[in-house]
Visitor: 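So that we are looking at the same thing, I have put the structure below in structure tokens.
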There are 2 protein chains.
Amino acid sequence: MTRPRTRIQQRNSETILEAALEVFSQQGFRGATLDQIAEVAGLSKPNLLYYFASKEAIHAALLSGLLVTWLNPLRAMDPDGDPVAELLGYVRRKLELSRDFPRESRLFANEMLQGAPRIRAALEGELRDLVQEKAAVLRRWMDEGRLAPVHPVHLIFSVWALTQHYADFDVQVRAVLGKAEADPFPEAGQFLEVLFRRLLEP
Amino acid sequence: MTRPRTRIQQRNSETILEAALEVFSQQGFRGATLDQIAEVAGLSKPNLLYYFASKEAIHAALLSGLLVTWLNPLRAMDPDGDPVAELLGYVRRKLELSRDFPRESRLFANEMLQGAPRIRAALEGELRDLVQEKAAVLRRWMDEGRLAPVHPVHLIFSVWALTQHYADFDVQVRAVLGKAEADPFPEAGQFLEVLFRRLLEP
DNA sequence: GGATGGTTTGACCAATCGGTCAGTTTCAGA
DNA sequence: TCTGAAACTGACCGATTGGTCAAACCATCC
């Protein structure tokens, strides 16, 4: 449940979570099966259940760390920094998360599509509080005339939507852009910088 | 398969598809079960399979009409109209789709998260062609100085991301905004209009 | 070389899965 | 009112599901 003790426990727990992330992020909770996870992990199904009490427990372990990681870039937005630079930095870090951890993004998206049955509480508590706190900072910046006035919460939504789109809809992005092997993220980064710069510069 | 003939066939086919949309959009293909769909539809499982050959067939029937509906707003963008007005109109119509057909949006999102195994071909064909066609129009508008120069395809991505976010992440949006009963769409519409106006006006 | 405790597994379980089928009920048209 | 087709159902099928368990394995320390 908490920290694995032996090296084997450490290694196998990680292997299982890695495999579970692969499967859950693609199939959702109900669509994923322990057999799939076991196969990806290269372990037997009973062995999975030796390390985690249930399918639910594996999923919970994945989700528990997720929200924190996901919100770190927002937390890092400095109220004493330069408004536009801070927000562009946030966008950049969030886009890097989409690029480097697309499966985590899809796991989160899956949970949202299902109506967030397992993290509803965190959304209405932790997440809401942080967003409201940062929205107040944004509102202050706007009042000071250092940021164009827009609805601060929807502004944060727009950062989420625009960055996560490149992870969650990766197939579509690549299909439309055509060049299957090319990396769409550099272009996306440039586009988003222009977008937010034009939106936010007073 | 094609058009139902009798009134009963018409009604029950619609009932089944309506129920299937409810379940598939929330659970994804693998996560959904025929029993769930049958219960929501108020029909017996064998009766479902009297109208549709298989679970796969129900899902396919839902998806087949989806892409067309989903792309209609983009199709409606008039190459001879006013650039900014046309794009804002597109955004408005797309946001209305998110508001009025959130389950369709989630069904599509689920398919994307799974890697689009059933509509990959349409993405690389029909969808790609339409986007490239409209991107050419956007590029022309930019060359004529009637639209600020940005990457046209990523511009279209941004419309998708920002509008679909309000359907796909509806739970999160409402959790963060707090007021559970309030409708976030009017505010969203205003925000998106400001965003795209500032981004696109030359 | 044993003893010990952490690790792994084949065999198995009840429940649920998508789907079939023989047979019954309902309905529309003559 | 009769009849044939359409609509519907309970019972059932083999496969798969999440999960259990006793037994075996294995590394380590004495």
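Below, chain A is the first sequence line, B the second, and so on; all start at residue 1.
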Visitor: Salt bridge or not between B:Glu18 and B:Arg103? Use side-chain N to carboxylate O under 4.0 Å.
Guide: yes
Visitor: B:Asp35 has an atom CG; how far is it from atom P of C:dT16, in whole Å?
Guide: 9 Å
Visitor: Using a cut-off of less than 4.0 Å, is there contact between a side-chain N or O of B:Asn12 and OP1 or OP2 of D:dC8?
Guide: yes
Visitor: What nucleic acid atoms does B:Ala38 come within less than 4.0 Å of, heavy atoms only: base, sugar-phosphate, or nothing?
Guide: nothing
Visitor: Could you check, using the six-membered ring where one of them is a Trp, whether A:Phe191 and B:His151 have ring centers closer than 6.0 angstrom?
Guide: no
Visitor: Apply the side-chain contact (heavy atoms from CB on, under 4.5 Å) test between A:Phe169 and each candidate in B:Asp168, B:Leu113, B:Leu123; give the one that qualifies.
Guide: B:Asp168
Visitor: Starting at atom CG of A:Leu48, determine the distance to atom P of C:dT9, rounded to an integer number of angstrom.
Guide: 11 Å
Visitor: OP1 or OP2 of D:dT17 sitting under 4.0 Å from any side-chain N/O of B:Arg30?
Guide: yes
Visitor: When the distance from CG of B:Leu34 to P of C:dA15 is rounded to whole Å, what number comes out?
Guide: 21 Å
Visitor: What class does the angle between the rings of A:Phe157 and B:Tyr166 fall in, given that below 30° is parallel, 30 to 60° is tilted and above 60° is perpendicular?
Guide: perpendicular
Visitor: Is there a donor-acceptor contact under 3.5 Å linking the side chains of B:Gln26 and B:Glu22?
Guide: no
Visitor: Rounded to the nearest angstrom, tell me the gap between atom CG in B:Asn47 and atom C1' in C:dT25.
Guide: 12 Å
Visitor: State whether A:Gln9 places a side-chain N or O below 4.0 Å from either non-bridging phosphate oxygen (OP1 or OP2) of C:dT7.
Guide: yes
Visitor: In whole angstrom, give the distance that lies between atom CZ of A:Arg11 and atom P of C:dT7.
Guide: 10 Å
Visitor: Between D:dG19 atom P and A:Phe52 atom CZ, what is the distance in whole Å?
Guide: 13 Å
Visitor: Look at A:Tyr50 and C:dT7 and indicate whether a side-chain polar atom (N or O) is within less than 4.0 Å of OP1 or OP2.
Guide: yes
Visitor: Is there side-chain contact between A:His59 and A:Leu107, with heavy atoms separated by less than 4.5 Å?
Guide: yes
Visitor: Judged by each residue's nearest nucleotide on DNA chain C, which is more toward the 5′ side, A:Pro46 or B:Lys55?
Guide: A:Pro46
Visitor: To the nearest Å, give me how far apart CD1 (A:Ile58) and P (D:dT17) are.
Guide: 14 Å
Visitor: At under 4.0 Å between heavy atoms, which parts of nucleotides 25-30 of chain D does protein reach? Answer with one letter per nucleotide, 5' to 3': B base, S sugar-phosphate only, - none.
Guide: ------
Visitor: Would you mind reading off the distance between A:Glu56 atom CD and D:dT17 atom C1', rounded to a whole angstrom?
Guide: 15 Å
Visitor: Is there a side-chain contact between B:Thr33 and the phosphate of C:dC17, meaning an N or O under 4.0 Å from OP1 or OP2?
Guide: yes
Visitor: What distance separates B:Leu138 CG from B:Glu133 CD, expressed to the nearest 0.5 Å?
Guide: 10.5 Å
Visitor: Under 4.0 Å between a side-chain N or O of A:Ser54 and OP1 or OP2 of D:dG18?
Guide: no
Visitor: Classify A:Leu49 by what it touches in the nucleic acid, base, sugar-phosphate, or nothing, heavy-atom distance under 4.0 Å.
Guide: base
Visitor: Is it the case that D:dG18 (base atoms only) and A:Lys45 (side chain only) share a donor and an acceptor within less than 3.5 Å, ignoring hydrogens and angles?
Guide: yes
Visitor: Side-chain donor-acceptor pair under 3.5 Å between B:His154 and A:Glu187, yes or no?
Guide: yes
